[in-house]
Amino acid sequence: MKRIYDFGRRPSARNYTVADLKALKGSGRKLSMSNPANAAELRACVEAGIDLLVVWAEQIEEVRQIAPHHFAGVGSTWAQFGTLPEIMDHAFEMMRKGGDMYYTLRSYDVMEALAKEGIPVQSHIGLIPTFSHYSGGLRAFGRTADEAMEIYRTLKRMEDVGVFAVEAECIAEEVLEAVNARTSIVTFSLGSGKAGDVIMSFVADICGEASEESKPPKHAHAFGNVGRLHRQIHEERVAALNAFHSEVAAANFPYPQTNISMHPDEKDKFLEALEKAS
C-alpha cells in the first residue's frame, strides 16, 4: 500500500499508483481488473482481491467509501459531452472525487488537453463497441498485417499526446504482444490474450451472469454460475408471489397468525362504546 495525496489533495493510500502501473511494462507481472456495477459487486471485487477497478462516474463516491484504497478508473462515454470544456470540467470533478485515471473515447486533441493538465488519461484501441458502425459490426481486430500496423500507429499516436493507458479489446494476441513491447502505454487486455499488462474482464462474464448481448462474447469465460442463482431467485420469487395471489383470491390470507388482535376483553368494551357513540 502506497501513501499518496489523491488528485483532490487529500491524504490517502492506494494499492497501485500510476507509477506502479507504468512499472509493469516488461516485468512479467499481471494485474486483474474488473468493472463492479453496484455496491454488492464492488464489495465482492475487494474481498476477492481484484487489483484494479473501472467504474461509472456516478459510482466514484461509493467506491471511495467501500474501496478507499483501490486504484479506480472513471470517465465519460463518447456522446456524454459535446465540448472540450464540458469534458475537462467532468474530468476534474471525477479526479476531485477520488478517481485515479480518466477514460475518454474523444479526439487526440481532447486526450492531449487532459494529459497536459496532469490527468492520467485512458483510452481504447481495437474493438470499440461505440464505433462498431465504422468497423462493420462487432468483430476482432488485427488479424491482418495492415490492420495490425494501424493498431500500432494508433497506439503510438496516443502515446505522443500523453495517453497513459488503453483498453485493448479483441485484438489478436500476437499483435498486442508485439506492440505492447514498443510502447510506454499500459495496456488492459480485454479479449486480447495474455500480452496486456493488465488482464480485464467484466464482472458479469466472470461470474456467469446474463450478458448485455444475446450471448456472451468469445473472450468471456465464466468462473462461476451466479446466473443459475439469479434464475433460482426469480423462480422462487414468482412462486411466492403466485401463492400470495392465490391465497388472497381464495379469501384465505391474511392468516390469523399474521393478524393483530385487541387485548383480552377490550373488544367487548370497544363495541359497547361504539354502540353508544353511534
Side-chain angles (χ1 to χ4, degrees), residues 14-16 21 24 29-77 94 98-101 103 105 122 124-130 132 137-141 165-171 173 176 186-241:
R14 287 292 184 273
N15 58 345
Y16 294 98
L21 298 190
L24 285 173
R29 186 182 180 197
K30 305 294 180 183
L31 299 184
S32 60
M33 184 179 206
S34 198
N35 66 328
N38 51 52
E41 291 184 2
L42 179 55
R43 291 189 182 94
C45 284
V46 172
E47 291 179 26
I50 298 298
D51 294 310
L52 312 175
L53 307 173
V54 57
V55 298
W56 295 111
E58 60 269 19
Q59 296 175 264
I60 189 61
E61 290 173 299
E62 184 175 64
V63 167
R64 286 298 160 237
Q65 292 173 1
I66 297 173
H69 305 315
H70 261 67
F71 186 99
V74 64
S76 58
T77 60
M94 293 300 99
D100 296 309
M101 68 181 176
Y103 172 88
L105 279 173
Q122 179 203 347
H124 202 145
I125 59 172
L127 171 61
I128 304 175
T130 303
S132 54
L138 300 173
R139 65 173 180 85
F141 279 73
V166 295
E167 178 181 330
E169 184 169 353
C170 294
I171 294 171
E173 185 173 26
L176 184 56
V186 182
T187 57
F188 305 151
S189 172
L190 175 61
S192 301
K194 299 178 184 178
D197 303 304
V198 173
I199 306 302
M200 179 181 175
S201 191
F202 295 153
V203 169
D205 293 337
I206 295 168
C207 297
E209 301 178 71
S211 173
E212 65 181 4
E213 300 176 40
S214 57
K215 63 178 183 178
K218 180 179 184 293
H219 59 78
H221 180 83
F223 292 85
N225 194 358
V226 177
R228 170 183 58 83
L229 300 179
H230 286 320
R231 290 189 294 273
Q232 182 179 345
I233 289 171
H234 177 73
E235 291 166 1
E236 289 284 343
R237 182 175 285 122
V238 171
L241 290 167

Inset, instruction - Using a cut-off of 6.0 Å, state whether more than 12 heavy atoms not belonging to E61 lie near its atom CD. - result: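 No - once you tally the heavy atoms of other residues, nucleotides and ligands closer than 6.0 Å, there are 12 at most.
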
In Å and rounded to the nearest 0.5 Å, what is the [atom1] to [atom2] distance from [X] to [Y]?
X    : Y    : atom1 : atom2 : result
L127 : E167 : CG    : CD    : 9.0 Å
L53  : S34  : CG    : OG    : 8.0 Å
L31  : L21  : CG    : CG    : 6.5 Å
T187 : I199 : OG1   : CD1   : 8.0 Å
E169 : L176 : CD    : CG    : 12.5 Å
L42  : I66  : CG    : CD1   : 4.5 Å

Legend entry - Student check: side-chain heavy atoms of N35 and W56 closer than 4.5 Å: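 Side chain of N35 against side chain of W56, heavy atoms only: no contact under 4.5 Å found.
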
Inset, instruction - Give the C-alpha distance, both sets of side-chain angles, the deciding distance and a yes or no for side-chain contact (heavy atoms from CB on, under 4.5 Å) between R231 and N225. - result: CA-CA 10 Å; R231 290 189 294 273; N225 194 358; 4.0 Å; yes

Legend entry - Residue pairs involving residues 216-236 (criterion ring-ring contact (aromatic ring centres under 6.0 Å, His included); sequence neighbours excluded):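 Sorted pair list: H221-F223.
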
Do you know the tightest heavy-atom contact between [X] and [Y]?
X    : Y    : value
Y16  : F71  : O-CD1, 3.2 Å
I171 : G126 : CG1-CA, 3.7 Å
L190 : S201 : CD1-CA, 4.0 Å
V198 : M33  : CG1-CB, 3.6 Å
G98  : R14  : O-NH2, 3.5 Å
Q59  : N38  : NE2-N, 3.7 Å

Under the side-chain contact (heavy atoms from CB on, under 4.5 Å) test, residues paired with [X] that sit two or more places apart:
X    : answer
L229 : Q232
A37  : E41
A57  : V74, H90, M94

Legend entry - Any residue meeting salt bridge (Lys or Arg N to Asp or Glu O under 4.0 Å) with R139, in chain and number order, not counting sequence neighbours: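 Once residues adjacent in sequence are excluded, the partners of R139 under the salt bridge (Lys or Arg N to Asp or Glu O under 4.0 Å) criterion are E147.
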
Legend entry - CA sep, side-chain torsions, deciding dist, call: Y103, V54, side-chain contact (heavy atoms from CB on, under 4.5 Å): CA-CA 9 Å; Y103 172 88; V54 57; 5.8 Å; no

Inset, instruction - Please list all pairs passing the salt bridge (charged side-chain N to carboxylate O under 4.0 Å, His left out) test where one or both residues lie in residues 194-211, with sequence neighbours left out. - result: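 Applying salt bridge (charged side-chain N to carboxylate O under 4.0 Å, His left out) to every pair that reaches into residues 194-211, excluding sequence neighbours, yields K25-D197.
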
Inset, instruction - Please confirm whether the backbone N or O of G191 pairs with a side-chain atom of K218, one donor and one acceptor, at under 3.5 Å? - result: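 Such a contact is absent between K218 side chain and G191 backbone.
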
Inset, instruction - For S192 and E173, indicate whether the former's side chain and the latter's backbone hold a donor-acceptor pair under 3.5 Å. - result: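 Pair absent, no side-chain N/O of S192 close to backbone of E173.
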
Inset, instruction - Using the side-chain contact (heavy atoms from CB on, under 4.5 Å) rule, take N15 and H70 through it: C-alpha gap first, then chi angles, then the decisive distance, then the call. - result: CA-CA 6 Å; N15 58 345; H70 261 67; 3.7 Å; yes

Inset, instruction - Before accepting this row, confirm whether a basic side-chain N of the pair D100/R64 lies closer than 4.0 Å to the acidic partner's carboxylate O. - result: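 Salt bridge flag = yes for R64 with D100.
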
